[in-house]
Amino acid sequence: MEFQGSHILSIEPFERGDIEAVFDVADRMAPYAHRRKATRVLEGAILGNMFFEPSTRTRVSFGCAFNLLGGDVRETTGLQNSALAKGESLYDTARVLSGYSDVIAMRHPQEGSVAEFAVASRVPVINGGDGSNEHPTQALLDLYTIRKEIQSKGKTVDGLRIAMIGDLKYGRTVHSLCKLLRLYKNIKIVLISPKELMMPGELVESLREVGHEVIISDHLEDNIQHVDIAYSTRIQEERFSSPEEADLYRGRFRLNQAIYTQFCEPNTVIMHPLPRDSRSAARELDDDLNENPNLAIFRQADNGVLMRMALFALILDVVEQVDKYARDVPWYTSGRF
Amino acid sequence: MEFQGSHILSIEPFERGDIEAVFDVADRMAPYAHRRKATRVLEGAILGNMFFEPSTRTRVSFGCAFNLLGGDVRETTGLQNSALAKGESLYDTARVLSGYSDVIAMRHPQEGSVAEFAVASRVPVINGGDGSNEHPTQALLDLYTIRKEIQSKGKTVDGLRIAMIGDLKYGRTVHSLCKLLRLYKNIKIVLISPKELMMPGELVESLREVGHEVIISDHLEDNIQHVDIAYSTRIQEERFSSPEEADLYRGRFRLNQAIYTQFCEPNTVIMHPLPRDSRSAARELDDDLNENPNLAIFRQADNGVLMRMALFALILDVVEQVDKYARDVPWYTSGRF
Amino acid sequence: MEFQGSHILSIEPFERGDIEAVFDVADRMAPYAHRRKATRVLEGAILGNMFFEPSTRTRVSFGCAFNLLGGDVRETTGLQNSALAKGESLYDTARVLSGYSDVIAMRHPQEGSVAEFAVASRVPVINGGDGSNEHPTQALLDLYTIRKEIQSKGKTVDGLRIAMIGDLKYGRTVHSLCKLLRLYKNIKIVLISPKELMMPGELVESLREVGHEVIISDHLEDNIQHVDIAYSTRIQEERFSSPEEADLYRGRFRLNQAIYTQFCEPNTVIMHPLPRDSRSAARELDDDLNENPNLAIFRQADNGVLMRMALFALILDVVEQVDKYARDVPWYTSGRF
């Protein structure tokens, strides 16, 4: 896979070597993300941060990643785009907006829209989420987090044991993660969900096809006993016909410190794509886990910045120049990461 | 016309020499806009990009132009300005906001508001559109595009033959373009519109006054045969009392590749202020023109960045210093412009 | 008070020495705020400008202050935060967002929310207003303005004579100012308001406790005769049960040039936290005061940038390095401040 000048629209084209290449660059971005150094390698470059659907954290994460490489960010934060209302095609929007920036990160509510936009764009486009379709940087940061967390325990993604918990039918991130895990070897995947919210059958089949062990269950405690990662998800309320229908499933698989202590192996890593639902009726991950050092959910969010920095550096072909443009950081930064 | 420290509120004060001065600076901005070089001449300067009415492309174009000169952008993207709702005068808003930045680009739905704001502002203000009144950077970029496109064919604006097509009554850009064309010599202007959407009589008179030839028609094919530029416009639906009234005119003068081939001289340049209406009922410029090299509509949008860079450089008096602060561009930029 | 790495949530912890320290730094920021010099001391640092409630001027003021120190700004401009709607706790929002930036300025409609956010934040947080609770940078810039204005007349805050006029019940800024004035000596405070909108009793008591003279009245002209500062406020319409109820008080204490000339001592300084209500029914400060050189309301707004620069420099511990990273300003800046 050639990164220079390429769109990142989906995780489908990524092979194992591509993923490792991105992760290596992400590792090299850490001193900059953690403010031990600063770089101005992209000084004068512009990110078009085109969020046609609001998403504060993803938008800010992309913007920060670009700033941390020294670049500027111009953005839009919602469907205020009156041009679309006046009958403008996505082709025209793409032709015009891609004249303004060096790379575009784009979120749009409509499936396939980002790929359609990319065809007409004159600069590389990174998909920041197109409806329920793809969100490749989230998938990559999830796998990057898994690798980093278990590496510190002397393990590798090959041989991983992972539980995915909650709404496995509508959760976009677990689908993408399953696709990425197909590229690795000898993985045990425990799928814990209500029967009505099971992982789609073709995804389960595709995991078994490559030789992975897949266990399907609707019971939590028995199934989180022998895993390295417990990946919890929120009930995707917005995909149900009513909040009442979502209520049938909310709060079904709650992980808290007591259950963790009783059932999980020590050092089982807890992940979640966020936002987690902390309302009393939901609480898929209880607040009493917040001090548990194996709760990796905020390190996971932090890794999003590393991942986006890595993709920008690869696409704009500056990986080898980041250090050349490095500077000291003169301001207070202690105790953050 | 003195640019340093001046407001740009209207095209009225521009004389031919002023326009040529702006265009010369715009030409000099091209290496920066096209990422062959970067400059930090405005590093530390702040643009107040005050869009009290949403307009993604104009807002982003102003912001990018300022970033490309090395400056920062602070902005607002809609009438979220609760201060106005609390009874604040435009005078107060201007006094306060002009304390924050070095120059302001402002759009506002109300005619005359930007000029009123400028009176109280302590920094130069560029009008980014005030209702149906003025949008001087659009007028300048249109004329700049005409000049650039026909220059490459060995022609000049003096002696130009241009057709303006569509909603000539409500289209702000064609009105402004007519005013600018008065400054040039020996121009033939063909005005093609429904009878109900004709160019206002006083504008027609003012063109004839300076000796230009004006032809008025409601028929397309016969009238685009001997022109250098076919400038198409969208039916300004938002100005009609109902969408149904706009429907009476939408789709009346469609230009597509077949008509172009049959009726136009080779190399007739097609322009449009964008957005073009690509819905099936409208399509004033058909998608089948997208591969036609004479379709200049996206080069026209690109020129908006050059024009805004030129105005910022002139107003802030850094034209002669842009190159002094130039740097190499270390990132991937190929194939964009 | 230790500034390095600290949150600024309230004015309560400020002692007199702390205030003087901030004001000294603010004075040193003036050459940068006034574009006589530029600095890149914070180049590569990111402000998270998190406005979960719209406030154009405060948001832009924070952002400009950070830009003027050389830093970048990522921001949000309203409660578009769908994560909260999906049940995310403020704790989670804070943990995630604080991974993106070096310091956060935050406004939120709910009292106490910013302090709650700060507990979970991994970077320093400045309260930009949490409902009717606190807005410490406004309080500091008010006092800074008072000091600066009367210093130029050979006076000090000790011994100050100040009238506060208007809605003293709901006006957050006058409450905070009273708290700060407790730290100074021998102050005369004249409180002029409708009986229904009087300054809360405990604040009056706390002023008298430290030996200040407090006069309470519902009559304007008699009571602005012997003051150094006339601090006018807007009727906080949004806190009343209906606009009609607010109408009972609006326009009750109007200061205009005729009253100023007849009753005030020469050089009495006029202040207002802005926005002032310039609708005909209100006009607490008449437009005919706009040319009065003692109308300090726009200098007061300008001082907000100095104050926020000072706090950023103190919190991020770069006060002594601002000048080291200074550069010349090559662009046009004359006549602004």
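FYI, side chains are in, hydrogens and waters are out, and symmetry mates aren't considered; it's all heavy atoms of this structure. Chain A is the first sequence line, chain B the second, and so forth, proteins listed ahead of strands; every chain is numbered from 1. The shown structure was predicted, so the numbers you read here are calculated from the model rather than taken from an experiment.
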Given side-chain contact (heavy atoms from CB on, under 4.5 Å), test A:R59 with C:R74 step by step and report yes or no.
CA-CA 9 Å; A:R59 177 174 57 81; C:R74 303 271 39 89; over 6 Å; no
Contact part of A:R283 toward chain C, heavy-atom cut-off under 4.5 Å: side chain, backbone, both or neither?
neither
Are C:Y91 and A:S278 close enough that some pair of their side-chain heavy atoms sits under 4.5 Å apart?
no
Shorter than 4.5 Å, heavy atoms on both sides: which option in A:G304, A:S61, A:A65, A:A38 has the most such pairs with chain C?
A:S61
With only heavy atoms counted, which part of C:E43 is less than 4.5 Å from chain A, the side chain, the backbone, both or neither?
both
For C:L42 versus A:W331, what's the shortest heavy-atom pair and its separation?
CD2-CB, 3.8 Å
State, with a plain yes or no, whether a side-chain heavy atom of C:Y100 is found less than 4.5 Å away from one of A:V305.
yes
Using a strict 4.0 Å threshold on nitrogen-to-oxygen distance, state whether C:R122 and A:D302 make a salt bridge.
yes
Would you say CD of A:E291 has more than 12 non-hydrogen atoms from neighbouring residues, nucleotides or ligands within 6.0 angstrom?
no
Is there a side-chain contact between C:K86 and A:E237, using heavy atoms and a 4.5 Å cut-off?
no
Under 4.0 Å between a side-chain nitrogen and a carboxylate oxygen: does that hold for A:R35 and C:D102?
yes
From A:D277 CG over to C:S89 OG, what is the distance, rounded to the nearest 0.5 angstrom?
10.0 Å
Taking the side chain from C:R95 and the backbone from A:A301, do they hold a donor-acceptor pair closer than 3.5 Å?
no
Do A:T333 and C:V123 have side chains that approach each other closer than 4.5 Å (heavy atoms only, starting at C-beta)?
no
Taking the side chain as C-beta and beyond, is there a heavy-atom pair between C:I46 and A:L68 under 4.5 Å?
yes
Do NZ/NE/NH1/NH2 and the carboxylate oxygens of C:E88 and A:R276 come within less than 4.0 Å?
no
With only heavy atoms counted, which part of A:V73 is less than 4.5 Å from chain C, the side chain, the backbone, both or neither?
both
Chain C heavy atoms under 4.5 Å from A:Q236: which part of the residue, side chain, backbone, both or neither?
neither
Is there a side-chain contact between C:D92 and A:F298, using heavy atoms and a 4.5 Å cut-off?
yes
Are C:R40 and A:R40 close enough, and set up right, to give a side-chain contact (heavy atoms from CB on, under 4.5 Å), and what steps lead you there?
CA-CA 12 Å; C:R40 57 167 73 114; A:R40 56 167 74 115; 3.7 Å; yes
Is it the backbone or the side chain of A:L274 that comes under 4.5 Å from a heavy atom of chain C, or both, or neither?
side chain
Residue part contacting chain C, namely of A:N49, when any heavy atom lies under 4.5 Å
neither
Side chain, backbone, both or neither: which part of A:E238 has a heavy atom under 4.5 Å from chain C?
side chain
Between C:D317, C:V318, C:I315, C:V96, who has the most heavy-atom pairs with chain A when the cutoff is under 4.5 Å?
C:V96
